[in-house]
Amino acid sequence: MRIDVVSIFPEYLAALELSLIGKARQDGLLDLTVHNLREFTADRHRTVDDTPYGGGAGMVMKPEPWAQALESVRQDARPVLIVPSPAGAVFTQAMAHELAREEHLVFACGRYEGIDERVLEWAEGSFDVRPLSLGDYVLNGGEVAVLAIVEAVARLLPGVVGNPESLVEESHSDGLLEYPVYTKPSSWRGLDIPEVLLSGNHARIARFRRDEQLRRTASRRPDLLAKLDAGKLTPADLAVLAAEGYTVVHGRMAPAPPSSDS
Ligand code: ADE
């Protein structure tokens with residue numbers, strides 16, 4: 001996979017030289033280049049921003065440096081252009097899997113109040129443009145989002161994570177949060193690990209883990225629980241969720257109405 005990142009703070013992206021992503025680059029699995037937007041300006045001050053038409057606070061990124069930068073990185077047919085923004089669609093694990101199948105990703109890191117909207121319109125001609133948000137909060141620019149999205153995508157590329165098994169049983173892989181994990185010692189500061197994990201009974205351990213996934217998702221992320229297809233849950237799953245206060249309504253899990261005796 002090839003990735004190009006355009007930013008006015010290329011140093012911010014130095015973290016992409018570390019750990020698994022750095023190793024993937026060294027191993028030739030990922031060809032990642034960071035470009036400084038200021039290299040694509042034509043004036044002495046290397047200006048990238050200006051005041052907004054219509055007034056208002058802050059500065060807006062000028063369109064022409066962006067067009068120059070994006071034209072310089074586009075080589076193949078129609079790369080995906082990711083524009084991190086709190087006004088984008090929320091990035092998910094499903095999107096990470098989708099993006100991991102692409103050949104070329106380009107990231108445009110906005111700063112200030114954002115990039116002149118015409119850049120996105122113009123880019124539609126030669127890129128598959130995707131404004132993406134990390135979540136419902138505001139960062140100062142797209143760089144942190146690029147670090148997060150590149151890491152989520154690159155770890156799914158074949159060969160990047162040593163044991164691909166570890167990608168299967170993790171949070172969000174099946175719409176549920178991950179089960180809790182424990183390591184030695186089995187008793188630590190008065191806290192013992194769940195006894196079932198010492199039983200050697202693989203079926204019981206699998207059931208315990210599944211129950212924990214369901215309980216955690218119900219208590220921490222009821223929004224995820226509501227998206228599950230109840231038809232794919234087993235009677236044992238439904239019993240755990242009933243104990244958490246959930247019932248099936250129109251094929252989905254929903255909070256059970258209060259019972260008449262409570
Ligand atoms: N830039 C500023 N805020 C952001 C967010 N929440 N997600 C992605 N990019 C951003």
Side-chain angles (χ1 to χ4, degrees), residues 1-21 30 32-38 40-41 47-67 69-70 73-74 79-102 104-124 127-157 171-172 177 220-221 223-224 227:
M1 173 180 274
R2 180 176 156 196
I3 296 182
D4 288 284
V5 185
V6 183
S7 161
I8 57 165
F9 293 121
E11 311 80 25
Y12 224 119
L13 298 147
L16 296 173
E17 282 159 27
L18 308 173
S19 187
L20 278 185
I21 306 303
L30 181 62
L32 188 149
T33 313
V34 180
H35 310 264
N36 188 342
L37 181 69
R38 291 193 198 276
F40 300 91
T41 54
T47 313
V48 292
D49 62 337
D50 208 333
T51 53
Y53 275 116
M59 299 290 271
V60 174
M61 295 190 106
K62 292 162 68 64
E64 189 54 23
W66 279 110
L70 295 176
V73 298
R74 196 183 72 83
V80 174
L81 173 62
I82 296 166
V83 187
S85 160
V90 175
F91 177 64
T92 63
Q93 185 67 13
M95 285 184 205
H97 280 280
E98 235 178 83
L99 293 175
R101 289 194 289 270
E102 297 288 339
H104 188 191
L105 305 180
V106 178
F107 288 86
C109 295
R111 280 264 151 187
Y112 317 116
E113 297 307 306
I115 303 172
D116 186 307
E117 190 63 25
R118 292 168 296 177
V119 172
L120 277 71
E121 222 175 287
W122 165 85
E124 289 283 0
F127 292 85
D128 176 0
V129 181
R130 315 244 187 115
L132 292 185
S133 171
L134 280 195
D136 293 338
Y137 44 82
V138 179
L139 304 167
N140 285 333
E143 287 78 5
V144 167
V146 171
L147 294 178
I149 297 170
V150 168
E151 183 155 319
V153 171
R155 65 194 291 283
L156 300 176
L157 299 176
S171 289
H172 305 295
L177 301 184
R220 298 180 186 176
R221 293 294 304 275
D223 58 312
L224 292 182
K227 288 187 199 154

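Along the sequence shown, the residues carry numbers beginning at 1. Just so you know, ligand 1 is whichever comes first in the structure, and atom 1 is the first atom listed for that ligand. Model, not experiment: these values are computed from the prediction.
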Inset, instruction - Pick one of side chain, backbone, both or neither for how Pro84 approaches ligand 1, counting any non-hydrogen atom pair under 4.0 Å. - result: both
Inset, instruction - Write out the residue and atom name of the closest protein heavy atom to atom 3 (N) of ligand 1, then the distance separating them to 0.1 Å. - result: Leu139 N, 3.0 Å
Legend entry - Side-chain donor or acceptor of Ser85 paired with backbone N/O of Ala87 under 3.5 Å: yes
Legend entry - Heavy atoms from other residues, nucleotides or ligands near CG of Asp223 exceed 12 (cutoff 6.0 Å): yes
Inset, instruction - Could you list the atoms of ligand 1 found under 4.0 angstrom from a heavy atom of Gly141? - result: 1 (N)
Inset, instruction - Could you list which atoms of ligand 1 come closer than 4.0 Å to a heavy atom of Leu132? - result: 8 (C)
Inset, instruction - Below 4.0 angstrom from a heavy atom of Gly135, which ligand 1 atoms are there? Numbered from 1 as shown, please. - result: 6 (N)
Legend entry - Test item, Val144 contacting ligand 1 (heavy atom, 4.0 angstrom): no
Legend entry - Arg2 bridged to Glu102 by N-O distance under 4.0 Å: no
Legend entry - Shortest protein heavy-atom distance from atom 6 (N) of ligand 1, along with the residue and atom involved: Tyr137 O, 2.7 Å
Inset, instruction - May I ask you to check whether over 12 heavy atoms, not counting those of Tyr137, lie within 6.0 Å of atom OH? - result: yes
Inset, instruction - Just jot down the ligand 1 atoms closer than 4.0 angstrom to any heavy atom of Ser133, in number order. - result: 5 (C), 6 (N), 7 (N), 8 (C)
Legend entry - atom 7 (N) of ligand 1: the protein heavy-atom neighbour that sits closest, reported with distance to 0.1 Å: Leu134 N, 2.9 Å
Inset, instruction - Take Leu13 and Ser7 through the test side-chain contact (heavy atoms from CB on, under 4.5 Å) and record every step on the way to the result. - result: CA-CA 9 Å; Leu13 298 147; Ser7 161; 3.9 Å; yes
Legend entry - Ligand-residue contact atoms, ligand 1 with Ala145, heavy atoms, under 4.0 Å: 8 (C), 9 (N)
Legend entry - Heavy-atom nearest neighbour in the protein, as seen from atom 9 (N) of ligand 1, with distance rounded to 0.1 Å: Ser85 N, 3.1 Å
Inset, instruction - Start with the C-alpha gap between Glu151 and Val153, add the side-chain angles, then the distance that decides, and say whether side-chain contact (heavy atoms from CB on, under 4.5 Å) holds. - result: CA-CA 5 Å; Glu151 183 155 319; Val153 171; over 6 Å; no
Legend entry - Stepwise side-chain contact (heavy atoms from CB on, under 4.5 Å) test for Phe40 and Glu64: CA-CA 8 Å; Phe40 300 91; Glu64 189 54 23; over 6 Å; no
Inset, instruction - Please report the shortest heavy-atom distance between Leu30 and Ile21, naming the atom on each side. - result: CD2-CG2, 3.9 Å
